[in-house]
Novice: 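Got a structure for you, written out below as structure tokens; questions coming shortly.
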Amino acid sequence: MKTGVFRRIGVFVTVFLSALASTVLLGASAAHAATPLGKQNWVVSVAGFTDASGSNYLRLGYLVFDPSSNAVQHNFWTWSQRDYPVPVNSGDVYYCGEFQPGTNPRNNCAIKTAPGFTGDPNGHFTGTYVYNSTSGQVTITWTSSTINGSTTAVNLGETWAVSELRPGLGRMQLASDTYSITGGYAYGSNASLAQTSKASMSTVRATQRSYVYEAHSWNNKKITTVARGSAGSFTVGPAWNACTDGSCLGYVQKNAGCDAASCCGTTATPGYAACVQKLADSGDRRFYYLTGDFGGRRNSYEFWCECLSYDGCYLLNSHVRPMLQVIDDSGTFEGWVGAEVSPDRSGTRTMDGEYYGAFAMVA
């Protein structure tokens, strides 16, 4: 498999988060026991879900603990189902010119991400924290909230269960709260949150690794929580095709189990039988796209079934997942935390069928 040609659209995304610049990016030399597991810099995904449609929201961002003052800051992107967060082009167009037959997803397709994720975080919380190493919990109290430039005083409490996934990498899972969040995951270390700590796509692709999946998700008015290790993993390695400049990857999954109902309709739909047969004959393929063309720890991931568009790029209901890389104390890439932001774009919006989720995929 050879590297192909890469094309880029849109404007160049800044390599350093201006909203994060005011947050001290603390290195390993500054670690103190007063922070959770002695880790100061965390990436976090949080969800607030209800059974009803319309009230669901997500936050994806950075947590920085300051042991000198017990202060904590949270810079984040946020998406609300009510606001109809239609995905946007990330700035990358996938193109691979040379590849082994059957291994390449659709060429010349713009990789989509969640709205706002190509720019700086639009949310900022500040507050205080108390870490109890005996109970293995950290309690955060947010006292100030800034969303889209509007600042208000708040009193929002969160308690997280803290554990060590392995030496050099901490894990947190939401245990309780005093407001409306229902699930969340965070991974932390003392590696910088700046662009310099981020793994390139060539590094991600170089070694075959499986990243264990865990999630708190919403679809069809149902909230589902998947425990770490109970629902498989996301594998990336040399089998993925690389764009020429290394900023994106692509992969084809065969026998993917794509839903015939999504691609072909019902048995009463004209051409249903032929559509189902074509799905089987074509290998039941799902296309994956992963872009690293952002600043900070940002990546973004999109996938869709080939049966939704055999002849061109699929522009409707793909699954769109902005993500932040997990980096351990040694600077080693370990996976991602992310958010699924996949509203219905089929023309007549049906909220119930939309997909939202907070998740992590960490080796």
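If you read the sequence from its start, that first residue is 1, and numbering goes on from there. This structure is a prediction, so every number in the text was calculated from the model and none was measured.
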Novice: For F234 together with Y301, are the ring centres under 6.0 Å from each other?
Specialist: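 So the answer is yes for these two rings.
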Novice: Strictly distance-based, threshold 3.5 Å: is any side-chain N or O of E302 a donor or acceptor partner for the main-chain N or O of K112?
Specialist: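 The answer is yes, because a donor-acceptor pair under 3.5 Å joins these two groups.
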Novice: With side chain to side chain contact (heavy atoms under 4.5 Å, CB included) as the test, would you mind laying out the steps for L169 and V362 before giving the verdict?
Specialist: CA-CA 10 Å; L169 184 62; V362 178; 4.1 Å; yes
Novice: So, C307 with C263, SGs under 2.5 angstrom?
Specialist: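 Yes, the SG atoms sit under 2.5 Å apart.
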Novice: Specify the closest pair of heavy atoms between A34 and Y129, including all atoms of both residues, with the distance to one decimal.
Specialist: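 Residues A34 and Y129, closest heavy atoms: O-CE1, 3.3 Å.
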Novice: Say whether, by atom type as modelled, one donor and one acceptor occur between the side chain of S90 and the main chain of I111 under 3.5 angstrom.
Specialist: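 Yes.
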Novice: For W240 and Y251, take the angle between the two ring planes, folded into 0 to 90°, and tell me which bin it lands in: parallel under 30, tilted 30 to 60, perpendicular over 60.
Specialist: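 Judged by the thresholds at 30° and 60°, the geometry between W240 and Y251 is parallel.
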Novice: Quick test of your reading of the model: are D344 and R349 salt-bridged, counting only N-O distances below 4.0 Å?
Specialist: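 Looking at R349 together with D344, the answer is no, because their closest N to O distance does not fall below 4.0 Å.
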Novice: Anything under 30° is parallel, anything over 60° is perpendicular, the rest tilted; go ahead and classify F125 against H74.
Specialist: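 Judged by the thresholds at 30° and 60°, the geometry between F125 and H74 is perpendicular.
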Novice: Does the SG-to-SG distance between C243 and C96 fall under 2.5 Å?
Specialist: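 No, no disulfide: SG-SG not under 2.5 Å.
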Novice: Determine yes or no for a side-chain-to-main-chain donor-acceptor pair under 3.5 angstrom, with R297 supplying the side chain and L324 the backbone.
Specialist: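 Judged by distance alone, no pair lies under 3.5 Å.
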Novice: Is there a side-chain contact between P238 and Q208 (heavy atoms, below 4.5 Å)?
Specialist: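 A side-chain contact exists here, since the closest heavy-atom pair is under 4.5 Å.
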Novice: Should the ring pair W42 and F65 be called parallel, tilted or perpendicular, given that the plane angle runs from 0 to 90° and is split at 30 and 60?
Specialist: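 Perpendicular.
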